[in-house]
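Chain identifiers are assigned alphabetically (A, B, ...) following the order of the sequence lines, protein sequences preceding nucleic acid strands; residue numbering begins at 1 within each chain.
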Amino acid sequence: MAAAGPSDAEIIASVADDLPVGIWVARAPGGEFVYANKMFVEIAGMGPRTDAHVDNFAEPYGLYDRAGRLYPESRMPFVRALKERTTVEAEDIVMHRSDGSRVNLRAQARPILRDGVVTHVVVACFDISRQVAAEQARDDFISAASHELKTPIGALQIRAQSLLQMLQRGGSIGTEQLTQWAAHAERQVRRLVRLSEALLDVSRIRAGRVELKREPVDLAVLVRNLAGRLADDLPGVSPPLEVDAPEQLPGVGDPLRLEQVLINLLSNAAKYGQGRAIHLTLAASDGVARIVVRDHGIGIPAEEQQRIFQPFERTASAASYGGLGLGLWIVQEIVTRMEGNIGVTSEPGRGATFTVEIPWGP
Amino acid sequence: VSQKTILIVDDDEDFRMTYRDALELFGYRTLCAASGAEALELLRRQPVELILLDLMMPHMDGQQLHAILVADPALRNIPVVAVTAGDTRLDGATHLSKVAELGEVLEVVRRSCA
């Protein structure tokens with residue numbers, strides 16, 4: 001038996017202090033402070049306020065609702081637990097700490113009863129800031145997705161209604177113009193298809209259901225074919241694209257997913273490339289294919305270069321460009337599934353270089 | 001009948017083309033600008049009766065361009081119709097949704113033209 005170290009009884013006596021949950025205990029009925037554990041102090045960023053009580057709690061602890069209003073004492077979980085003699089939960093408490101930082105709290109309060117009388121109340125609080133941030137990111141994503149859908153839908157609608165109106169008025173339209181209009185409408189449909197595919201990819205990736213086909217593919221041919229019809233696939237912009245690829249690069253892979261990786265990287269290069277030329281290089285050595293996409297656009301600050309691979313994330317400078325913030329995340333997921341890797345080097349204002357390496361061979 | 005000229009400012013080429021084609025079909029002249037800077041350059045060269053302005057654009061967004069227009073005595077009287085996909089609003093401008101129907105677009109344009 002180990003001689004040193006605390007006994008079980010000692011640990012149990014002090015366990016509340018070491019719980020990974022903020023614990024705060026007050027006396028009934030006034031709510032005077034009795035006890036706070038280490039985690040509570042850590043979450044609050046300050047020692048317990050002995051001056052806080054049922055009528056004055058939100059202010060000393062800096063507790064607000066999500067809209068930024070001081071949290072009413074009457075809705076405070078511990079106050080309700082005292083009055084209602086039941087366990088009470090509140091999820092939307094935001095603690096404004098004295099150092100200016102904010103913590104989202106989920107607080108649960110439970111009355112302690114002895115012989116049917118409430119003697120104390122115990123509050124457990126959890127820091128749910130990370131979940132709240134994830135919810136926020138998802139809300140932002142839904143709003144961005146709706147925004148992205150509106151441009152092609154709006155364009156299709158105006159196009160179709162223009163044509164109808166004109167025909168109803170007995171007007172006529174030349175074959176050349178009609179062809180242009182139809183091609184333009186088709187482009188909007190393709191934008192919508194790509195968007196819905198990207199949305200579907202989110203759930204596929206999250207559920208781990210991205211399945212890769214394995215079939216013979218010539219990566220060099222795939223790259224050149226793609227480069228040839230890229231203007232159709234990049235919405236809005238078609239900067240010069242310089243391709244450097246070998247004659248042949250046979251291997252085994254999923255051609256659609258490989259195209260998706262290339263299209264996502266190239267459309268980013270076009271989007272943030274300020275109209276300047278894009279370089280696409282394909283090379284292979286030692287059983288590894290290396291795809292390099294380089295642009296000369298706005299670039300990515302060093303501190304944001306890891307974040308861009310996270311879902312729903314966009315750099316501050318990219319925010320006004322529109323888009324879903326999914327492209328690089330999807331690329332990384334596909335490349336990882338291919339047992340490869342992706343990296344970026346960039347300097348703000350001097351463009352970005354994305355390098356994808358995947359095992360490749362016949 | 002003098003033809004009204006409308007400046008379409010949107011970074012999305014598909015959207016510019018759609019509005020250009022539709023407005024020209026219904027008798028308007030159009031100019032297109034892909035950015036706020038391009039729009040300013042065009043405006044300093046030729047008069048327009050209306051600006052259809054996308055609020056969300058990189059570099060200089062619609063709000064910033066609008067602020068420049070309002071501060072410029074030569075440009076401040078041109079009516080602006082803000083086209084928006086979200087909840088952003090522009091003081092003193094008429095608003096049009098990115099998914100507005102053609103009838104509404106034509107009505108707003110007709111009413112707003114200088």
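In this structure, CG on L102(B) lies 11.5 Å from CZ on R159(A), to the nearest 0.5 angstrom. Rounding to the nearest 0.5 Å places OG of S162(A) at 8.0 Å from CG of L23(B).
Judged by distance alone, with hydrogens and angles left aside, the side-chain atoms of H184(A) form no donor-acceptor pair with the main-chain N or O of M17(B) at under 3.5 Å. Formation of a donor-acceptor pair under 3.5 Å by the E101(B) side chain with backbone atoms of Q157(A) is not found in this model.
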Open item on the list: Does F26(B) form a side-chain contact (heavy atoms from CB on, under 4.5 Å) with R169(A)? I'd like the steps, not just the answer.
Closed with: CA-CA 11 Å; F26(B) 291 90; R169(A) 290 179 183 191; 3.5 Å; yes
- [ ] Please report the C-alpha distance between K150(A) and D12(B) in whole Å, then the side-chain angles of each, then the deciding distance to 0.1 Å, and finally whether the salt bridge (charged side-chain N to carboxylate O under 4.0 Å, His left out) criterion is met.
- [x] CA-CA 12 Å; K150(A) 278 181 176 173; D12(B) 193 290; over 6 Å; no
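Few gaps surround CZ on R111(B); more than 12 heavy atoms of other groups in view lie less than 6.0 Å from it. More than 12 non-hydrogen atoms from other residues, nucleotides or ligands lie less than 6.0 angstrom from CZ of R66(A). The neighbour count for E107(B) CD, taken as heavy atoms of other residues, nucleotides or ligands under 6.0 Å away, is above 12. Open room surrounds CD on E176(A); 12 or fewer heavy atoms of other groups in view lie less than 6.0 Å from it.
Of the two parts of Q177(A), neither the backbone nor the side chain holds a non-hydrogen atom closer than 4.5 Å to a non-hydrogen atom of chain B.
Ranked by heavy-atom pairs under 4.5 Å with chain A, the list D21(B), L25(B), D54(B) is led by D21(B). For the set S143(A), S146(A), A155(A), P152(A), the count of heavy-atom pairs under 4.5 angstrom toward chain B peaks at A155(A).
Closest of all the heavy-atom pairs between D14(B) and R191(A) is OD2-NH1, 2.9 Å. Smallest separation of non-hydrogen atoms from A100(B) and I158(A): O-CD1, 3.5 Å.
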